[in-house]
Amino acid sequence: MIAWFFTTRVGRYVAAIGALLLILAGLALKLIAMGRAQEQARQAAGKLKAISKRRTSDAEVDQLGAADVDQRMSRWMRDGR
């Protein structure tokens, strides 16, 4: 079977097309992997930004008194507190 690829013109064309398809498939898989890595990096940056924002708001709330915290909570609560 392998000898057929190298001895006939059709076999050489089939082998060349097969090699080209393998190269293109490898390239496509590499691009997909790069896209995944880029998306994971973007999501990690978003998580870090959210953590930083939460720490800032937590520090702000920690500095408030109990009455001030209750007043701020009343803006968000539906029970009319």
Side-chain angles (χ1 to χ4, degrees):
M1 179 79 169
I2 294 176
W4 178 77
F5 283 119
F6 296 115
T7 58
T8 64
R9 181 182 292 173
V10 174
R12 286 191 297 264
Y13 285 135
V14 169
I17 290 171
L20 182 63
L21 288 176
L22 280 174
I23 291 170
L24 289 175
L27 184 63
L29 290 175
K30 179 68 174 175
L31 289 173
I32 289 170
M34 288 172 55
R36 276 192 190 136
Q38 189 177 24
E39 179 63 20
Q40 287 175 348
R42 187 187 66 79
Q43 288 180 0
K47 286 180 183 179
L48 289 175
K49 186 176 179 182
I51 289 170
S52 175
K53 186 175 179 181
R54 178 167 179 192
R55 284 187 179 171
T56 302
S57 67
D58 283 351
E60 182 181 329
V61 170
D62 287 344
Q63 293 177 355
L64 296 175
D68 294 328
V69 171
D70 191 42
Q71 179 186 13
R72 283 190 175 196
M73 288 277 291
S74 67
R75 287 188 274 174
W76 298 102
M77 302 299 287
R78 294 180 185 215
D79 62 359
R81 282 179 72 192

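Remember, it's a predicted structure, so these values are computed and weren't measured experimentally.
The closest donor-acceptor contact from the side chain of S52 to the backbone of L48 lies at 3.5 Å or more, if one exists at all.
Atom CG of L27 and atom CD1 of I32 lie 10.0 Å apart (nearest 0.5 Å). Note that CD of Q40 is 8.5 Å distant from CZ of R36, once rounded to the nearest 0.5 Å.
As a member of the Ile/Leu/Val/Met/Phe/Trp/Tyr network built from side-chain separations under 4.5 Å, L20 groups with L24.
For R42 and E39, the salt-bridge test passes: some basic side-chain N is under 4.0 Å from an acidic carboxylate O.
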Practice task
Carefully, step by step, assess R72 and D68 under the rule side chain to side chain contact (heavy atoms under 4.5 Å, CB included).
Solution key: CA-CA 6 Å; R72 283 190 175 196; D68 294 328; 5.9 Å; no

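Among R54, R55, K53, K49, the single residue meeting the side chain to side chain contact (heavy atoms under 4.5 Å, CB included) criterion with I51 is R55.
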